[in-house]
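Sharing a structure with you now.
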There are 2 protein chains.
Amino acid sequence: MKPITSEKEFLKNYNIHDFDVPLTSVDMSIFSIIDDELQVLLLKRNDYPAKGKWALPGGFIDKQQDSNLEDTAKRKLLAKTGVSTPYLEQVSTFGSKQRDPRGWSVTIVYMALIAADDIKLSTDDSSDEIKWQPVYQLSNKPALAFDHNEIFNHCYERLKSKVQYTSLPVNLLPEEFTLTELQTTFEIILDMPIEKKSFRRRILDAQILEETGNLRTGNNRPAKLYKANKLGKDHFFQRSIEGPR
Amino acid sequence: MKPITSEKEFLKNYNIHDFDVPLTSVDMSIFSIIDDELQVLLLKRNDYPAKGKWALPGGFIDKQQDSNLEDTAKRKLLAKTGVSTPYLEQVSTFGSKQRDPRGWSVTIVYMALIAADDIKLSTDDSSDEIKWQPVYQLSNKPALAFDHNEIFNHCYERLKSKVQYTSLPVNLLPEEFTLTELQTTFEIILDMPIEKKSFRRRILDAQILEETGNLRTGNNRPAKLYKANKLGKDHFFQRSIEGPR
DNA sequence: TCAATAGTGTCTTTCAGACACTATAAA
DNA sequence: TTTATAGTGTCTGAAAGACACTATTGA
């Protein structure tokens, strides 16, 4: 074999199957607030390995369809929930010899935040059951497929941590919402009461919301409706919410 | 072909080469403070693709040697720098069709912080040149191999961001150091002066350091030497350093 | 008018920035 | 005694928590 002297020539002779690469997939924790609870989407696996076990949604990269990792995550999310423009954040990548019985494997993990009213659940042939699971029932109890309990916990910790110093929860609400609804969303995720005045001052001073001019009415004083502006979906505060003293 | 009815049978018939998986690697930004500058380690590529270009250290997962992703990163770091117990943090994963001319590829990116006095640089056959590059010369200027400029920038942003609310810089110093040396390290990374009293109050109140009892002497008042305790390597503050008003 | 929720005024607390001050070494 | 750097005292300011207060609706 003669020596290679150009990049073009190198690539002509290159074959990925000469290399012993790990299996690579994308998995995700899809969060939503349903029945005033933070819930995560689970699928029951229809095939081996881990057949019959509940798992986080995910799957393999489609080298034709997907032009990058986020495409893979978005494609899976759309297939299961019908949501096409989620808040999507890469959380971490898990890779080891033992995490999948098929051998050395790597999974790139995303979390998605979606508003409950956008969701139309559907399954495909990789699973016939799909459900929302309250996160407090998942933190310790039932064993998900592979290392998905660990993966989920990592996502949940990331979410709780970022809710302390960002405005992420606006992504879990419909387009229009009241300040009380937003506060409740924060409180559900942090599992902690927040002082009303502090919360409103913090959010309003950050100028990440704008009034829509509409009101939410009920059997009491109507509340102003707001929507997130550009910044609102991703604002970082200088200080964390501290909680009760 | 008869249907598969057990996990064991499934795994017997499973062959990873039936699947079209992407090429997977690990890359890293190794930071150190050298000559009072934040610098990052670069290697000149000895082989195609991108032969002759400077690149971040990295390489493929060795499915025999490495039992997880961190092992791969640690193995590469040890080979180049001789450092075996770094501060090592997974930053992000880049994956796309175009980022490598060999086709769809994924790289898991780590950043490492190491103390200058621990380092013994060495190359292997994948490169014959290795160097420290000041980060301010890298942020915009010279084109690294593949998407390594983008990868580096991501690491650098992560580092600067975490230095505002953690004690990470202790990992860039030798075991013993003065408060002024620690402050200088923060200032170099943030590229911003920090008020002395605020800094010392913040660090000391967090109880992440302990006095070693030794003193750093010179042509002036000797300074107390400190070392990080368990918390010191990874402490998170409730509030960020804000900088001059 | 009452119940319920929206929304505000204002005090305290915490921790960062500013900056002038004192302390201790070598030359 | 001077110069250089280590280290402190104490004021101001920004933003969070506490909590009592007022506002506005339907029943």
Side-chain angles (χ1 to χ4, degrees), chain A residues 36 161 163-167 169 173 176-187 190-227 235-245, chain B residues 36 161 163-167 169 173 176-187 190-227 235-245:
Chain A
D36 280 322
S161 152
V163 170
Q164 290 176 33
Y165 61 90
T166 70
S167 59
L173 290 168
E176 280 194 323
F177 50 85
T178 67
L179 285 178
T180 301
E181 287 162 359
L182 183 58
Q183 180 176 341
T184 302
T185 304
F186 273 78
E187 290 173 330
L190 294 177
D191 190 28
M192 160 181 106
I194 301 172
E195 213 289 319
K196 183 168 55 164
K197 185 65 197 289
S198 307
F199 180 79
R200 300 168 88 95
R201 192 173 42 203
R202 179 178 167 95
I203 298 291
L204 262 11
D205 287 357
Q207 299 193 268
I208 57 179
L209 301 185
E210 45 188 76
E211 299 183 17
T212 65
N214 302 324
L215 297 173
R216 169 129 312 145
T217 54
N219 293 350
N220 43 39
R221 175 170 174 177
K224 283 183 182 168
L225 284 163
Y226 293 84
K227 63 176 182 179
H235 181 78
F236 284 61
F237 294 92
Q238 276 287 148
R239 291 177 64 169
S240 288
I241 293 178
E242 291 166 23
R245 280 181 180 152
Chain B
D36 281 322
S161 152
V163 169
Q164 290 176 30
Y165 60 90
T166 69
S167 58
L173 290 169
E176 280 194 323
F177 50 84
T178 67
L179 284 178
T180 301
E181 287 162 359
L182 183 59
Q183 180 176 341
T184 302
T185 304
F186 273 78
E187 290 173 329
L190 293 177
D191 190 28
M192 163 180 103
I194 301 174
E195 213 291 318
K196 183 167 55 164
K197 185 66 198 288
S198 307
F199 181 79
R200 300 169 87 95
R201 191 173 44 205
R202 180 177 166 94
I203 298 292
L204 262 11
D205 286 358
Q207 299 192 270
I208 58 180
L209 301 184
E210 45 188 76
E211 300 182 16
T212 65
N214 302 325
L215 297 173
R216 169 96 67 233
T217 54
N219 293 350
N220 43 39
R221 177 171 173 176
K224 283 183 183 170
L225 284 163
Y226 293 83
K227 62 176 183 180
H235 181 78
F236 283 62
F237 294 91
Q238 276 288 151
R239 291 175 63 170
S240 288
I241 293 177
E242 291 166 23
R245 280 185 177 149

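Here is the naming used below: chain letters follow the sequence lines, and residue numbers restart at 1 for every chain.
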Tell me: CZ of A:Phe237 to P of D:dG17, nearest whole Å?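 One finds 12 Å between P of D:dG17 and CZ of A:Phe237, rounded.
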
For A:Pro244 and A:Pro193, which heavy atoms make the closest approach, and how far apart are they?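 Reported closest heavy-atom pair: CD-O, 3.7 Å.
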
Between A:Arg202 and D:dA15, is there a contact of a side-chain N or O with OP1 or OP2 at under 4.0 Å?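 For D:dA15, OP1/OP2 do not have a side-chain N/O of A:Arg202 under 4.0 Å.
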
Atom-pair distance (CD1 on B:Ile194; P on C:dC15), nearest Å: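 My rounded result for the distance is 18 Å.
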
Any side-chain heavy-atom pair of B:Phe177 and B:Leu209 under 4.5 Å: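 With C-beta onward as the side chain, the pair touches.
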
Candidate pair A:Phe237 and A:Ile203, rule side-chain contact (heavy atoms from CB on, under 4.5 Å), full reasoning: CA-CA 9 Å; A:Phe237 294 92; A:Ile203 298 291; 4.1 Å; yes

If I take atom CZ in residue A:Arg216 and atom C1' in nucleotide C:dA6, what distance separates them, rounded to the nearest angstrom?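 The answer, rounded to whole Å, is 13 Å.
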
Once salt bridge (charged side-chain N to carboxylate O under 4.0 Å, His left out) is applied, do any residues pair with B:Arg202, and if so which ones, sequence neighbours excluded?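 Partners of B:Arg202 under the salt bridge (charged side-chain N to carboxylate O under 4.0 Å, His left out) test: none.
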
Rounded off to whole Å, could you give me the CG-to-P distance for the B:Leu190 and C:dA16 pair?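 Whole-Å distance recorded here is 14 Å.
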
Does any non-hydrogen side-chain atom of A:Leu225 lie less than 4.5 Å from one of A:Thr178?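 A:Thr178 vs A:Leu225: side chains touch.
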
For A:Ile241 versus B:Gln238, what's the shortest heavy-atom pair and its separation?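 What the structure gives for the nearest pair is O-NE2, 4.5 Å.
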
Let me know the distance between CG of B:Leu225 and P of D:dA6, rounded to the nearest Å.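 Those two atoms, CG and P, are 11 Å apart.
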
Do A:Thr185 and A:Val163 come within less than 4.5 Å of each other through their side chains, counting heavy atoms only?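 Of all side-chain heavy-atom pairs linking A:Val163 with A:Thr185, none is under 4.5 Å.
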
Roughly, in whole Å, what's the span from CD in A:Gln164 to C1' in D:dA15?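 So the two atoms are 16 Å apart, to the nearest Å.
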
Establish, with yes or no, whether the OP1 or OP2 oxygen of D:dG17 is under 4.0 angstrom from a side-chain nitrogen or oxygen of A:Ser198.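 True: A:Ser198 side-chain N/O within range (under 4.0 Å) of D:dG17 OP1/OP2.
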
Atom pairs, protein N/O to nucleotides 8-10 of chain C N/O, distance under 3.5 Å:
residue : atom : partner  : partner atom : Å
C:dG9   : N7   : A:Lys197 : NZ           : 2.6

What heavy-atom pair brings B:Ser167 and B:Phe186 nearest, and what distance separates the two atoms?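 Looking at all heavy atoms of both residues, the shortest contact is CA-CZ, 4.2 Å.
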
side-chain contact (heavy atoms from CB on, under 4.5 Å) between B:Gln164 and B:Leu190: does it pass, once the steps are laid out? CA-CA 8 Å; B:Gln164 290 176 30; B:Leu190 293 177; 3.8 Å; yes

Detail all sub-3.5 Å separations between protein N/O atoms and N/O atoms belonging to nucleotides 2-5 of chain D.
residue : atom : partner  : partner atom : Å
D:dT5   : O4'  : B:Asn220 : ND2          : 3.1

Atom CD of A:Glu181 to atom C1' of C:dA6: distance rounded to whole Å?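 Spelled out: CD on A:Glu181 to C1' on C:dA6 is 12 Å.
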
Residue met sooner reading DNA chain C from 5', once B:Leu215 and B:Arg239 are mapped to nucleotides: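 Counting from the 5' end, the first nearest nucleotide belongs to B:Arg239.
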
Could you state the atom-to-atom distance from CG of A:Leu179 to P of C:dT5 in whole Å?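 About 16 Å, once rounded to whole Å.
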
